[in-house]
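Working notes, beginning with the structure itself.
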Amino acid sequence: MIRDDLSAMVETAARAAMDHGELPRVVLPEVTIERPARPEHGDYATSLPLRLARAARADPLEIARRLAGRLPASGAVAAAEPAPPGFINFRLSEAWLASQVDAIMAAGAAFGDVALGGGRRVQVEFVSANPTGPLTAGNGRGAAIGDVLASVLQAAGYQVEREYLVNDAGTQTDVFGRTLLARYQQLFGRDVEIPADGYPGEYMVDLARRLKDELGARYADASIDAPPEELVLRGIDVMVEQIGEDMKRLGVRYDEWFRERSLYQDEPGGAGNAYDAAMQTLRGKGYLVEKEGALWFASTELGEDKDNVVIRSTGKPTYFASDIAYHFDKFARRGFDLVIDIWGADHQGHVSRMKAAVEAIGVDPDHLDIIIYQLVSFRRGDELVRLSKRAGNLVLMRDVVDEVGADAARFFFLARSADSQMEFDLELAKKQAAENPVYYVQYAHARIAGILANAAERGFSAEGGDVRLLAHPAELDLVRKMLQLPELVQMMARSKEPHHLPHYAQDLATAFHAFYTECRVLDADARPLSAARLKLCGAARLTLARALGLMGVSAPERM
RNA sequence: GCCCCCGUAGCUCAGUGGACAGAGCACCGGACUUCUAAUCCGAUGGUCGCAGGUUCGAAUCCUGCCGGGGGUGCCA
């Protein structure tokens with residue numbers, strides 16, 4: 001990556017300057033290479049001289065001059081100019097830029113990959129909504145962020161697994177079971193009510209009907225307080241199936257649907273279960289204390305504000321206990337090097353104690369990354385869509401996907417920083433018009449595909465094209481934009497912020513549309529230039545398809 | 001009360017401590033005999049919530065305040 005090359009060059013220059021007595025021997029900070037906001041400041045810049053000025057007790061501009069004078073030669077750099085108050089601005093050589101078209105074509109579908117992960121195993125766990133109902137529209141945000149982050153990490157050289165935790169144990173499962181049993185027995189004419197804290201949705205009636213068909217009347221007289229396991233587990237299986245369908249519609253595929261229940265089941269080979277092992281570890285380290293009839297995780301010892309209950313006075317483990325066992329399983333048993341959890345803002349209070357718990361079971365808490373995304377509100381144009389379980393106008397994820405399409409849904413969910421609350425305009429997302437950024441980007445891809453198809457028809461070929469002919473500003477700007485993809489992948493993998501991708505895709509599309517307007521590709525009177533531009537189009541198509549591919553958005557051939 | 005996130009153009013939002021703060025949409029004005037006008041070019045639009053502080057340099061870091069959202073010991 002050119003940016004890394006520049007960084008290395010600057011460091012070399014700084015050491016050379018020190019060796020030649022042009023710069024006092026000081027500790028070099030990491031050499032950062034920035035992208036200047038203004039084009040006249042070149043393609044890249046470093047402010048290292050400004051950072052060195054104090055330690056070196058020298059004028060930063062003078063340092064910049066000396067460093068610039070010591071920079072190793074490079075075919076990629078046309079100019080490295082000191083600029084006040086103490087920058088070095090780099091301008092890339094046009095010939096080098098043009099040559100990158102061949103480099104991108106050679107990289108092919110792997111263009112954009114970076115070697116950052118070194119094959120380390122990372123698990124991305126996302127959505128993991130209770131399988132007690134269909135996914136809501138808000139879950140779509142977690143789905144898009146998690147799925148795309150996983151793709152980005154893959155591109156960055158990690159070995160990635162996508163996981164959904166199926167909560168098929170615990171309080172909510174009990175409530176689900178009792179609701180389901182009530183609905184099921186109602187079908188046999190029994191006068192039973194669903195629990196007050198149960199799930200009132202119509203889907204529970206549908207589910208009960210389906211189970212009645214499958215299981216017959218064998219549980220028609222079961223006690224309402226003790227839902228039969230077969231009924232409950234079958235009910236959860238059906239819900240999980242539907243969740244899987246919803247995910248598929250959004251284009252998300254999981255590697256693993258992990259059952260919470262399995263944490264309590266002994267593994268073959270006498271290893272015991274993850275829950276016992278995790279609790280034993282905590283107990284062994286003195287993190288479990290008993291008070292008020294319950295068992296607590298002494299998180300205050302790890303700097304938390306308060307302790308947290310792991311085993312209720314009823315003897316049942318809390319969700320927190322389950323989650324500790326789950327993370328114990330992820331790290332200690334399955335051996336992930338890095339675990340990323342994607343949670344909605346309503347789980348924010350759970351973050352710091354989870355990190356403390358991970359530390360308590362002997363895992364470096366930095367190996368657990370918890371991404372909290374803020375809540376989503378939906379609207380149609382000016383009209384706010386209220387999400388209310390009670391009012392029954394709950395917006396489902398599948399409704400959103402059906403209404404606006406998977407491509408637009410993913411693009412929109414992704415385009416905002418996880419830290420920001422977002423407004424999702426269903427009307428805009430569905431609009432097949434210029435104001436919809438999804439189509440803008442896809443149209444760029446379709447346009448390129450169109451040119452390439454026309455080229456083949458009219459006997460044009462990129463074969464033997466000489467990229468040195470590419471010198472038009474619009475051509476070079478397009479190349480510059482394409483070269484940003486690997487940098488972006490690296491940055492997103494480090495920051496775990498996939499929301500930059502849609503913005504990049506838009507910029508890339510803009511660069512292509514500008515090129516399209518300014519430069520005619522297929523010109524019978526200029527065959528060599530046409531061949532070179534066809535190469536450029538090929539590279540642009542690769543890059544755009546990769547950006548779309550990382551987002552899980554389709555790259556259409558025609559629109 | 002305490003904890004977390006946010007506050008940037010009319011709207012929706014970007015903005016790795018750097019040089020004169022950006023995009024899309026909306027609005028206004030232009031550009032189709034040419035590979036898809038779902039496009040392009042231009043104009044308008046800003047006390048970066050407020051006040052301090054750190055720094056050579058702050059939208060970005062720190063503190064306080066104001067406003068919005070979320071959370072807050074045996075729900076998940």
Side-chain angles (χ1 to χ4, degrees), chain A residues 32-38 40-41 45-47 50-51 53-54 60 83-87 89 128-130 132 167 170-172 175 197 292-296 299 305-314 316-323 344-353 372-375 377 382 412 415-425 428 431-437 439-440 442-444 446-455 457-458 460 487 491 494-495 497 499-500 502-503 506-507 509-510 512-514 516-523 530 533 537 558-559:
Chain A
T32 54
I33 302 292
E34 293 127 32
R35 242 170 218 292
R38 310 181 64 77
E40 57 267 37
H41 294 145
T46 182
S47 57
L50 282 163
R51 294 175 212 282
R54 179 184 285 259
F87 295 97
N89 294 330
S128 299
N130 277 326
T132 51
N167 293 106
T171 313
Q172 293 310 310
V175 175
D197 59 348
E292 298 162 29
L295 198 62
W296 301 64
S299 28
D305 294 344
K306 49 200 170 188
D307 292 343
N308 298 95
V309 172
V310 285
I311 301 179
R312 302 181 176 90
S313 43
T314 60
K316 287 194 176 175
T318 59
Y319 157 78
F320 184 40
S322 208
D323 230 5
D346 51 340
H347 285 60
Q348 161 271 127
H350 190 52
V351 173
S352 68
R353 65 171 178 252
I372 296 293
Y373 64 90
Q374 300 299 314
L375 301 181
S377 55
D382 293 331
F412 273 65
R416 273 68 179 113
S417 152
D419 285 339
S420 299
Q421 289 169 48
M422 70 171 285
E423 273 194 29
F424 192 119
D425 186 342
L428 174 60
K431 227 176 244 179
Q432 306 212 354
E435 63 220 81
N436 189 336
Y439 295 107
Y440 178 83
Q442 290 184 319
Y443 180 56
R447 256 187 164 177
I448 301 175
I451 293 172
L452 298 177
N454 286 336
E457 246 170 60
R458 299 187 203 169
F460 285 89
E487 291 176 18
M491 186 267 272
R494 283 191 177 132
S495 65
E497 289 179 343
H499 72 272
H500 299 289
H503 298 278
Q506 272 184 92
D507 286 349
T510 297
F512 177 78
H513 286 311
Y516 178 94
T517 306
E518 301 244 352
C519 304
R520 169 121 200 133
V521 177
L522 306 179
D523 183 351
S530 290
R533 286 182 169 166
C537 286
R558 60 182 67 238
M559 289 173 74

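The chains referred to below are lettered A, B, ... by the order of the sequence lines, with proteins before strands, and numbering in each begins at 1.
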U8(B) to G46(B) separation - P atoms, rounded to the nearest Å:
14 Å

If you compare every side-chain N and O of Arg38(A) against the phosphate oxygens of A21(B) (OP1, OP2), does one of them come in below 4.0 Å?
no

Just call it for Arg353(A): base, sugar-phosphate, or nothing, with non-hydrogen atoms closer than 4.0 Å on any strand.
base

May I ask you to say what Ala294(A) touches in the nucleic acid, namely base, sugar-phosphate or nothing, with a heavy-atom cut-off under 4.0 Å?
base

P gap between U47(B) and C11(B), integer Å:
12 Å

Quick check on A14(B): is either OP1 or OP2 less than 4.0 Å from any side-chain nitrogen or oxygen of Ser420(A)?
yes

Using a cut-off of less than 4.0 Å, is there contact between a side-chain N or O of Tyr319(A) and OP1 or OP2 of C74(B)?
no

For Ser417(A), which contact category applies under a 4.0 Å heavy-atom criterion: base, sugar-phosphate, or nothing?
sugar-phosphate

Using atom P in both nucleotides, what's the gap between G7(B) and G15(B) to the nearest angstrom?
10 Å

With a non-hydrogen cut-off below 4.0 angstrom, is Glu423(A) in contact with a base, only sugar-phosphate, or nothing?
sugar-phosphate

What contact category does His500(A) fall into here, base, sugar-phosphate, or nothing, at under 4.0 angstrom with non-hydrogen atoms?
sugar-phosphate

Glu34(A) has its side chain closest, among A38(B), A76(B), G18(B), to G18(B)

Could you tell me whether the side chains of Ser47(A) and Glu34(A) share a donor-acceptor contact shorter than 3.5 Å?
yes

Which is true for Glu457(A) with a 4.0 Å heavy-atom rule: it touches a base, it touches only sugar-phosphate, or it touches nothing?
nothing

May I ask you to verify if any side-chain N or O of Thr318(A) is less than 4.0 angstrom from the OP1 or OP2 atom of C74(B)?
no

Interatomic distance at C1', C62(B) relative to C41(B), whole Å:
45 Å

Rounded to the nearest angstrom, tell me the gap between atom CG in Leu295(A) and atom P in G73(B).
19 Å

Side-chain N or O of His499(A) less than 4.0 angstrom from OP1 or OP2 on G15(B)?
yes

Verify the contact: side-chain N or O of Arg558(A) to OP1 or OP2 of C35(B), cut-off strictly under 4.0 Å; return yes or no.
no

Does NZ or CZ of Arg353(A) come closer than 6.0 Å to the centre of the six-membered ring of Phe320(A), within 45° of the ring's axis?
yes

